[in-house]
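Contents: one structure, followed by commentary.
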There are 2 protein chains.
Amino acid sequence: MSPSTVSQYVNKRFHYMGKETKKKVAEAIEELGFQPNTVARSLKQKKTLTIGVIISNIMHRYSTVVSRSIEDYCYNYEYHTIICNADDNPEKERKYVDMLLAKQIDGLIIVPTNHNRELYQSLIHRNIPVVFLDRYVNGLAIPTVVVDNQDVTEQAINHWIEAGHTRISLISAPMNVSTRIERMEGYKRALQQASIPIQESYVHHVEMDDVQEVCRQMSQLTEPPTAILAASDLVLIEIIRYINRQGIQVPDDVALMVFDEVHLAEFHDPPITTINQPFYDMGQKAASLLMDLINKKEVENKKYLYEASINIRESSEAKLQNKGVL
Amino acid sequence: MSPSTVSQYVNKRFHYMGKETKKKVAEAIEELGFQPNTVARSLKQKKTLTIGVIISNIMHRYSTVVSRSIEDYCYNYEYHTIICNADDNPEKERKYVDMLLAKQIDGLIIVPTNHNRELYQSLIHRNIPVVFLDRYVNGLAIPTVVVDNQDVTEQAINHWIEAGHTRISLISAPMNVSTRIERMEGYKRALQQASIPIQESYVHHVEMDDVQEVCRQMSQLTEPPTAILAASDLVLIEIIRYINRQGIQVPDDVALMVFDEVHLAEFHDPPITTINQPFYDMGQKAASLLMDLINKKEVENKKYLYEASINIRESSEAKLQNKGVL
DNA sequence: TTGTAGGCGTTATCAA
DNA sequence: TTGATAACGCCTACAA
C-alpha cells in the first residue's frame, strides 16, 4: 500500500482501484485516524482553498454581515476565509495583504482603504484574483461590488427637501474613500437642483471622537441644521449621545437618518430612518465573482452596482415646527 | 548565492554572513520581489503561525468582540486567525475542527457547542493546543475562560427581589451549554433563598422565532411576570418587538434586563439594564493561554473566571405600581 | 562564511 | 491496477 495509492483513494480516483485495495486503504485510514495534510497538498497543488478578506473595521455592523456572507458562500465550496481587520489603516492593509499572499491564498476580497494604489496595482500585475467591496478605487481593473451611494444619498436629501428642510447636515468619518465622496456628490447634487446653497458648516468629515464636538458647534450657528444624515452606525451613536445629553427632540428639534440598518435604529424612540444597503447580497456577489476569477472564468472588470433603499421611520419626518435647535 | 544563503537572510541569521553577500541577497530580493512561501515553510517546520477560532454565531455581538480581541492579540505575534461560525451546530463544529486541523493550525480557541465530547477528547488526546471560551464543558482537561454566570445571575435576580419582584422570568436560547445552565442555577438559587417558589411558566429556553410567542403565553397567565431577564441581545430584540407591538410600558408594566452590552440597550427608551461581560479581556486571555500552550509553557487546566458587572439602567427599576401585564 | 543534500507530505507521471 | 520517483519551496545539517 503505497502513498500514491492512498492519495488516489483520498482523492476519490477509484477508476482503476481494486475492491480489495480500496477496502484495505479505508481500514488503514480509519485505524490510524489518517487525515491528509492540507499544507503539503497546497504546496504541491499551488492552491490553498483559502481566500483572504480584508475589511475596514469589524466593529461596523456591516462588516459583520459582509464577513458572515462571504463565509457562508465559501462554506459550500469547501473554501476557507481568513478575515482581517485593516482598521482603515493603509499600513495594516499592506501588512495583511503581504501576510495573506505569503500564505498563498487563492484570492482576496478587500474593502480598500484607498491609500495603497501601488499595492492594488501590484496585485493586478501579479495576477492575484481580487475583488473590491463597498468602495470603488478609480482607474483600477478590479471588479468592485458597491452600492450606488450617490443616488441613494440624493434620494435621502430630496426626501428632506420636499418636506421643507433647507438646513441639512452630513456627518461622516474622515476617510477619503468612494463611499464618502459619492455621498457628498449626491448631497450636493440634491441641494443644487433645489437651488439651496451648500453650507460648509453643515458638512463634516471627522473622527468618531469629534462627532459630538461638531454637533455642539453646529448647535451654536445662528441657523443650526434641521436635519442630519449620519454616514454610519458609529457616527449615529455619537450623535445620539449628544442629543440625549442635551435633551434635544427627534424629529421635533432635528431630523435624523443613518446609513446602515442597525437594531439601534429600529428600536430607538423615535425609530430612526435607515438607508439599507444589501450587504449580505453584496458579500455573496463578491465571493461569487472571486470564485469565478479563481476558476479562470470570464469576469467583467466593472462596478457591480447595488441599490440601497430608504426605510423611512419617524426620526426623519419633518414637523412644521421643527426648530433646528440641535 | 544559494537557496540556503537566502534562507539564512530571510530568517535573519546574520551570524556568519558576509556584508557583501548580505547586500547582494537584499538586492536580489528587492529586485525579484521575492516573498518566502509560508506554505512550504509550514510544511517543513510543522508550524503554520495560524490559529483557528470557532465561535457560536457571529451575529451575536459578543462574538464580534471576541474575534476582534483575539485577532488583535495575534496581530502582535505575527499569528493569523481563521474564524469560523459553527452556528451552534455540532456538525458544523466538527467539520470546522477537521478542516482546521487538516490545515495544520497551531492551536484552537473554541466556543463549544458542548455536543461533541468525543471530538473534544480527541483534541486532548492528539495534544492539540485548545482553549475553550465562554462555555465550560464538564470533566475535560481544557483551560476555559468563562464568566461567573451563576453569580452574576443571582445578583441580578436579587436586585429585583429586593425591589419587591416575585414574578421573574428568564428567557434564553435552547442550547444545552454551561452559560444557560449556570444562569438557571443562579436564578433558582436567588429565588430559593428568598423562599419564592419557582414557576415553570416563567422560565423558557426557546428558539429566537418562538420568543414572542412565549411572551404572549406569559401575558395570559393570571399572574404574568413583572420582570424578564433576556439571556442575549438576540432574545432582547424579540422581546422588545413584542413589547412595542403590544404597547407595553417598561418598566411600568414589566422590568427588563439583558446579558451583553449592546448599543440598543444604552439608547433604548428607557435605557435597558445590561449585564456586561468582559469579552474583550476574555478574548485576550484565551489567546494568551493558547500562545502559552503552543509554546509549551505550563498552563493550568482550570476555569479562568471573569466577573460580569450589572449596569443598572431605568428598564430594570421597579415601580410600585408595576402591573406585570407583560 | 557559503553551498549541497535531504526531507517535510502530497500528487502527477510513468513504469511495473 | 498499483508502486516508485520526482517535485512543490523551504529549512537544517553538515560539508566544503
Side-chain angles (χ1 to χ4, degrees), chain A residues 1-50 52 78-80 98-107 126-128 294-296, chain B residues 1-50 52 78-80 98-107 126-128 294-296:
Chain A
M1 200 164 57
S2 76
S4 35
T5 309
V6 177
S7 173
Q8 302 284 29
Y9 179 91
V10 167
N11 291 291
K12 304 194 170 46
R13 308 285 307 160
F14 300 133
H15 295 226
Y16 298 107
M17 194 176 297
K19 273 238 152 34
E20 191 63 13
T21 338
K22 195 167 154 186
K23 206 173 125 196
K24 278 205 311 202
V25 175
E27 283 169 7
I29 286 180
E30 176 64 24
E31 193 170 321
L32 304 174
F34 172 81
Q35 248 197 334
N37 178 327
T38 311
V39 174
R41 175 182 290 166
S42 298
L43 178 61
K44 178 68 186 171
Q45 302 196 144
K46 294 161 169 295
K47 284 194 81 189
T48 52
L49 296 185
T50 303
E78 306 266 299
Y79 258 77
H80 264 193
D98 283 347
M99 285 170 94
L100 291 168
L101 290 180
K103 270 188 156 23
Q104 315 295 116
I105 44 90
D106 297 341
R126 288 192 274 174
N127 264 311
I128 317 282
I294 289 171
N295 299 315
K296 312 284 184 204
Chain B
M1 199 164 58
S2 76
S4 45
T5 310
V6 178
S7 174
Q8 303 283 28
Y9 179 91
V10 167
N11 291 291
K12 305 190 169 45
R13 308 287 304 161
F14 300 132
H15 295 228
Y16 297 107
M17 193 177 298
K19 273 239 149 40
E20 190 64 13
T21 336
K22 194 166 156 186
K23 205 173 128 198
K24 278 205 313 200
V25 175
E27 283 169 7
I29 286 181
E30 177 65 24
E31 196 171 320
L32 304 174
F34 173 80
Q35 248 197 335
N37 179 327
T38 311
V39 174
R41 174 183 290 166
S42 298
L43 179 59
K44 177 68 188 177
Q45 304 197 142
K46 293 160 171 296
K47 284 195 83 189
T48 52
L49 296 185
T50 303
E78 305 266 299
Y79 257 77
H80 264 191
D98 284 347
M99 286 169 94
L100 290 167
L101 290 180
K103 269 187 156 23
Q104 314 296 116
I105 43 91
D106 296 341
R126 287 192 275 174
N127 265 311
I128 317 283
I294 289 172
N295 298 316
K296 312 282 183 207

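A:K22 places its NZ atom 16 Å from the P atom of D:dG3, with the value rounded to the nearest Å. Per the geometry, OH belonging to A:Y9 stands 14 Å off P belonging to C:dT11, to the nearest Å. Atom NZ of A:K47 and atom P of C:dG9 are 23 Å apart (whole Å). Remark: P of C:dG3 and CZ of B:R13 are 18 Å apart, rounded to the nearest angstrom.
Looking at residues two or more places apart in sequence or on another chain, you find no salt bridge (charged side-chain N to carboxylate O under 4.0 Å, His left out) involving B:E31. Remark: A:E20 pairs with no residue by the salt bridge (charged side-chain N to carboxylate O under 4.0 Å, His left out) rule, at least two apart or across chains. With sequence neighbours left out, A:R13 forms a side chain to side chain contact (heavy atoms under 4.5 Å, CB included) with A:Q8, A:N11, A:H15. Applying the side-chain hydrogen bond (donor to acceptor under 3.5 Å, both in side chains) criterion to A:E27, with sequence neighbours excluded, gives no partner residue.
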Side-chain donor-acceptor pairs of residues 39-46 of chain B under 3.5 Å, sequence neighbours excluded:
residue : atom : partner : partner atom : Å
B:S42   : OG   : B:T38   : O            : 2.7
B:S42   : OG   : B:K47   : O            : 3.2

Residues B:N37, A:Q104; criterion side chain to side chain contact (heavy atoms under 4.5 Å, CB included); working and verdict: CA-CA 7 Å; B:N37 179 327; A:Q104 315 295 116; 3.5 Å; yes
Nucleotide by nucleotide, 5' to 3', does protein get under 4.0 Å of the base (B), only the sugar-phosphate (S), or neither (-) in nucleotides 6-16 of chain D, counting heavy atoms? -BBBSBB----
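Within the 4.0 Å cut-off from OP1 or OP2 of D:dG3, at least one side-chain nitrogen or oxygen of A:T5 is found.
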